[in-house]
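Just below is one structure, and these are the notes that go with it.
Worth knowing before you read on, the calculation uses all heavy atoms, side chains too, and leaves out hydrogens, waters and symmetry mates. The sequence lines fix the lettering, A, B, ..., with proteins before strands; numbering per chain opens at 1. Note that the structure is predicted; figures quoted are calculated from it, not measured.
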Amino acid sequence: MEDNNDQDNEVFDLLKRIDEYTWEIPREYKPFMRVPGRIYVSRKMLNDVEKQTIDQVANVASLPGIQKYSMAMPDAHLGYGFPIGGVAAFDSEEGVISPGGVGFDINCGVRLIRTDLHVDDVRPVIRELIKKLFEAVPSGLGSKSRLRASDSELDDAFVHGSRWAVEAGYGVEADIEHCEGSGFIEGADPSKVSAKARKRGKPQLGTLGSGNHFLEVQYVDNIYDNDAASVFGLEEGQVTIMVHCGSRGAGHQICTDHLRVLSQSVKNYGISIPDKQLACAPATSTEAQDYFKAMACAANYAWANRQIITHWTREVFEQVFGRDAESLGMDLVYDVAHNVAKLEEHIIDGRKKKVYVHRKGATRAFPPGHSEVPRKYRDIGQPVLLPGSMGSASFVLHGTQEGMDLTFGSACHGSGRAMSRKQAKGTYSGEDVKKKLEKMGIYVEAMSPAVIAEEAPEVYKKSSDVVDVVHELGIARKVARVLPMGVAKG
DNA sequence: ATGTCC
């Protein structure tokens, strides 16, 4: 124990070990906890979980109507109010809805596109491919799209998500089926979106954004489950494309606008919260429902956004390989949200119950047989897409019944930051990181060197460690690993 | 994550 510092000892003292990957924060830890907290992490990785993150898990447990546990995935770290990597479900009648449980980048998410191309077909043209993708898909902070959406198109994107984009010519019908929830959330109401959010969102529909968002050309280097991989259309050596982005300024503004309202609701409804950042309102209240209707608009916008990017990506591949996207086998494998709240039915204490599941930096992972899993994948379970950081592996998993029972059908969302952006910028130079990645065979095209430094592989937790916990715990099971060949980012 | 404070 002498190698543990003070923080570690403190953390160990307050947690109760349930099994190899399950650590409980007992209700006794804080007087306001309505349910215990649960952190799913290996003992080794527990050393990296900050005390502040554990306190956030405990704080979430104070919110009215919370079910079972306030949970944190192995990649959990400090967030706004709720931890990033947090999962919490609230009774749809007695519970609350909280923007902090979704995050600012509403429906930040990931999609995976397969191809029939082999890694050897793509290596020789990777620079050209990435350069063209970088040109075709606007990226960077405040970037504007080459799509000029009208007000009515923006409304349609807000309400219909992926379907709007496909019907506007940006994709094919099968793309819609292969999105979580068919690429939209019901109940979106654009009248709950401020003029300011509309103004920010309108020129950005069809942009990648900045930070850890990326468009990556990858190849499948390892298959863990042949049957599942085959059903998902994946095989070793095959080239895939991953898109990681969200709802841009629109989602950010929607979160900001409604946080202001809900921080007042907390007082109006007499809800006692240990942290102002946990602003919320009773799920049935007008304020909470208005947030949910606006949040759904942002979520749908993000699905439309990833769909438009998919279309432009296909166009670039068509140009470079001189064949149409269909003959290149460029089907959408799946698209998942990892920052969203959803009204779902779960079995709790043996009874079916409707709950608002808040997943913030956590991915839905529904089991085999679930009606929301596309027919094609029904026997396997929902594809769960976990992006790695720039230059590191990404993973494809599938949902399980254990996940449904244990975590409201949720898994982690990726690797999780281990160093702050500021610290990363002070430690690494963008040019050096770019050169290092090139030596590893990964070509990076980015808007600014600072973003490359902020996203250096070293500033993230090892994605394989995080994925292994999820796999061993059984809340999602590994199907395939993909490695980057080239990446375009903000 | 984010026109990194209208």
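- Across all strands, A:Gly249 comes closer than 4.0 Å only to sugar-phosphate atoms, never to a base (heavy-atom distances).
- Atom CD in A:Gln204 sits about 8 Å away from atom P in B:dT2, given to the nearest Å.
- Between the CG atom of A:Asn305 and the C1' atom of B:dT2 there is a distance of 14 Å, rounded to whole Å.
- A straight line from CG of A:Asp257 to C1' of B:dT2 spans 13 Å, rounded to a whole angstrom.
- Straight-line distance from the CZ atom of A:Arg248 to the C1' atom of B:dT2: 8 Å, rounded to whole Å.
- Figure legend: cation-pi geometry between A:Arg163 and A:Trp303 absent, as NZ or CZ is not positioned both under 6.0 Å from the six-membered ring centre and within 45° of its axis.
- Here the P atom of nucleotide B:dT2 and the NE2 atom of A:His258 are 19 Å apart, to the nearest Å.
- If you measure from atom NE2 of A:His252 to atom C1' of B:dC6, you get 15 Å, rounded to the nearest angstrom.
- Counted within 6.0 Å of CZ on A:Arg34, heavy atoms from surrounding residues, nucleotides or ligands total more than 12; the atom is thus considered enclosed.
- In this structure, the CZ atom of A:Arg421 is 14 Å from the P atom of B:dT4, given to the nearest Å.
- Residue A:Thr256 is classed as having no contact, given no heavy-atom separation below 4.0 Å to the nucleic acid.
- Counting any heavy atom pair closer than 4.0 Å across all strands shown, A:Glu454 reaches no nucleic acid atom.
- Following rounding to the nearest Å, A:Ile84 (CD1) and B:dT2 (P) show an atom-to-atom distance of 13 Å.
- For A:Asn107 and A:Ser247, the side-chain atoms include no donor-acceptor pair closer than 3.5 Å.
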Legend entry - Intermediate values then yes/no, side chain to side chain donor-acceptor pair (under 3.5 Å), A:Thr207 and A:Arg248: CA-CA 8 Å; A:Thr207 62; A:Arg248 311 287 286 108; 2.7 Å; yes
